[in-house]
Protein chains: 2
Amino acid sequence: MIYNSLKKNIQKHVQLSNTELETISSYFKPQVLKKKEFLLTQGSICKFEGFVLNGCFRVFTIDKKGNENTLYFATKDWWLMDIDSFMNRKPSNLNMQALEDSKVLLINKADKLALYESTPIVEKLFRIMSQKAIVAWQRRLISNQCQTAKERYLYFTNTYPNIVSKLTDKQVASYLGITHEFLSKIKKNN
Amino acid sequence: MIYNSLKKNIQKHVQLSNTELETISSYFKPQVLKKKEFLLTQGSICKFEGFVLNGCFRVFTIDKKGNENTLYFATKDWWLMDIDSFMNRKPSNLNMQALEDSKVLLINKADKLALYESTPIVEKLFRIMSQKAIVAWQRRLISNQCQTAKERYLYFTNTYPNIVSKLTDKQVASYLGITHEFLSKIKKNN
DNA sequence: TCTATTTATTGAACTTGTTCAACTATTCTC
DNA sequence: GAGAATAGTTGAACAAGTTCAATAAATAGA
């Protein structure tokens, strides 16, 4: 059943009844994306929140200078969202691109709002998920400010070897915040 | 009334009744800190979530190499918390130090949990606050990866002139992720 | 008000990371 | 399977930021 991994993921964060779990899942619709397809492009409004069933996505921005900066990669069991764009109907700064053939579960805004109303545990779920995300973002910022590119590279490859194996060095470099040329040099004298 | 600014802040995020507002506020207790006093020190467990009534705090970590890295500054109407430590009873990685005589409102964990139970809108409140925080942390990360130290310095001083005026250059540098010597050089050829 | 301490400035040498360009290897695609 | 496009490597010159040390300025205590 395609909803199994979503349900398991939700249960990691909050305790809830099967009925609640069914209600929540029922609002999520599957969508398939081919390699290189975009789920969201910079400038458009994000109309969904997503959960990755399989495959891999890269979430990135392109700044005025034309540099790509990767915010995160999302593989199986990761969430995909641009909260600011989704909640406030703002043009997104983010691109979400499938790095391989992928499948996601999506919920649209009307359904999400309905779910918050009908199933209060969903507020708690997303409150807890958001708080965990904050902790991760704070750690990432500190790591970026205190560690060298080589240290960050080693940490990333050691922590997420199964993600790294799906990525090109260019993509890894854009996540680490360095040029791919420099990453190549880091790898050389390892 | 000391609770006014807390109430106004809450109302910015969610719509709620006066009763709810009173209930929430009633759990928060005022505490006064003198300049240089710590509200939280690295290694101890964070027993509160706080809201700044006046004064200014610096939230920072000291890494293994001994470098101070400032996560954020909190002046009037900002929240102070270490979610990971508070929720999971983990030793905190953060220090929260008053940069001047300050006053905060604090809520402890038992009361916070009681509040989530008794007053469901609090889940929504913190869900929304957390989501806004994620957006801010993502922006900060991108800014750190894509902008030069000078660009970040100019953005910070232009965006938060009233905070910057309370800070030493050393503190600003530790927020920007550069040495204070280099900040001095940036300021010179401006 | 004097002294101790912290903060800010500056320069020189150094390290980290970038840019550009040329080349090689890989992978799409038809 | 050939050609086109993309990704990875390398080197040289450069720019951004650090480190260390010495000095000056500001602040905090007593």
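Chain A is the first sequence line, chain B the second, and so forth, proteins listed ahead of strands; every chain is numbered from 1.
Checking side-chain atoms of B/Gln131 against main-chain N and O of B/Ile128 turns up no donor-acceptor pair under 3.5 Å. Listed for the B/Thr179 side chain is a donor-acceptor partner under 3.5 Å among the backbone atoms of B/Phe182.
When the local axes at the two ends of the helix from C/dT1-D/dA30 to C/dC30-D/dG1 are compared, using 5 base pairs at each end, they differ in direction by 60° after rounding to 10°.
Atom-to-atom, CG of B/Leu99 to P of C/dT7 comes out at 11 Å; the value is rounded to the nearest Å. Rounding to whole angstrom units, NZ of residue A/Lys187 and P of C/dG17 are separated by 17 Å. With rounding to whole Å, A/Leu176 atom CG is found 13 Å from D/dG8 atom P. Here C/dT27 presents its C1' atom at 15 Å from CG of A/Asp169, a figure rounded to the nearest Å. Put simply, CD on A/Glu100 is 16 Å from C1' on C/dC28, counting in whole angstrom units. Residue A/His180 contributes atom NE2, which lies 13 Å from atom P of D/dT6 at whole-angstrom precision.
Not counting sequence neighbours, the partners of A/Ser143 by the side-chain hydrogen bond (donor to acceptor under 3.5 Å, both in side chains) test are A/Gln147.
Using a cutoff of 4.0 Å between basic side-chain nitrogens and carboxylate oxygens, B/Glu22 and B/Lys7 are scored as salt-bridged.
At least one side-chain nitrogen or oxygen of B/Lys188 sits closer than 4.0 Å to the OP1 or OP2 atom of C/dG11.
The shortest non-hydrogen separation linking A/Gln171 to A/Leu99 is NE2-CD2, 3.5 Å. Nearest heavy-atom pair, A/Gln138 versus B/Tyr72, reported as atom, atom and distance to 0.1 Å: NE2-CE2, 4.4 Å.
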Review point. For nucleotides 22-30 of chain D, read 5' to 3', which letter fits each nucleotide if B means a protein heavy atom sits under 4.0 Å from the base, S means only the sugar-phosphate is that close, and - means neither?
Key: ------S--
In residues 80-87 of chain A, what donor-acceptor pairs under 3.5 Å come from side-chain atoms, sequence neighbours left out?
| unit_1 | atom_1 | unit_2 | atom_2 | d |
| --- | --- | --- | --- | --- |
| A/Asp82 | OD1 | A/Asp84 | N | 3.3 |
| A/Asp82 | OD1 | A/Ser85 | N | 3.2 |
| A/Asp82 | OD2 | A/Ser92 | OG | 2.5 |
| A/Asp84 | OD1 | A/Asn88 | ND2 | 2.9 |
| A/Asp84 | OD1 | A/Lys90 | NZ | 3.4 |
| A/Asp84 | OD2 | A/Lys90 | NZ | 3.3 |
| A/Asp84 | OD2 | B/Arg139 | NH2 | 3.0 |
| A/Ser85 | OG | A/Cys46 | N | 2.8 |
| A/Ser85 | OG | A/Lys90 | O | 2.6 |

Practice item. Output, in order, the C-alpha distance, side-chain angles, deciding distance and verdict of ring-ring contact (aromatic ring centres under 6.0 Å, His included) for A/Trp79 and A/Phe57. Key: CA-CA 10 Å; A/Trp79 289 83; A/Phe57 288 83; over 10 Å; no
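Members clustered with B/Phe60: B/Phe38, B/Ile62, by chain and number, using a 4.5 Å side-chain heavy-atom cutoff among hydrophobic residues.
B/Asn69 and A/Gln145 share a donor-acceptor pair across their side chains, judged by distance under 3.5 Å alone.
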Polar atom pairs between nucleotides 13-19 of chain D and protein, under 3.5 Å, N or O only, would you list them?
| unit_1 | atom_1 | unit_2 | atom_2 | d |
| --- | --- | --- | --- | --- |
| D/dG17 | OP1 | B/Ala149 | N | 3.3 |
| D/dT18 | OP2 | B/Thr179 | N | 3.1 |
| D/dT18 | OP2 | B/Thr179 | OG1 | 3.3 |
| D/dT19 | O4 | B/Lys185 | NZ | 3.2 |

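Residues B/Leu167 and B/Tyr175 fail the side-chain proximity criterion, which asks for heavy atoms closer than 4.5 Å.
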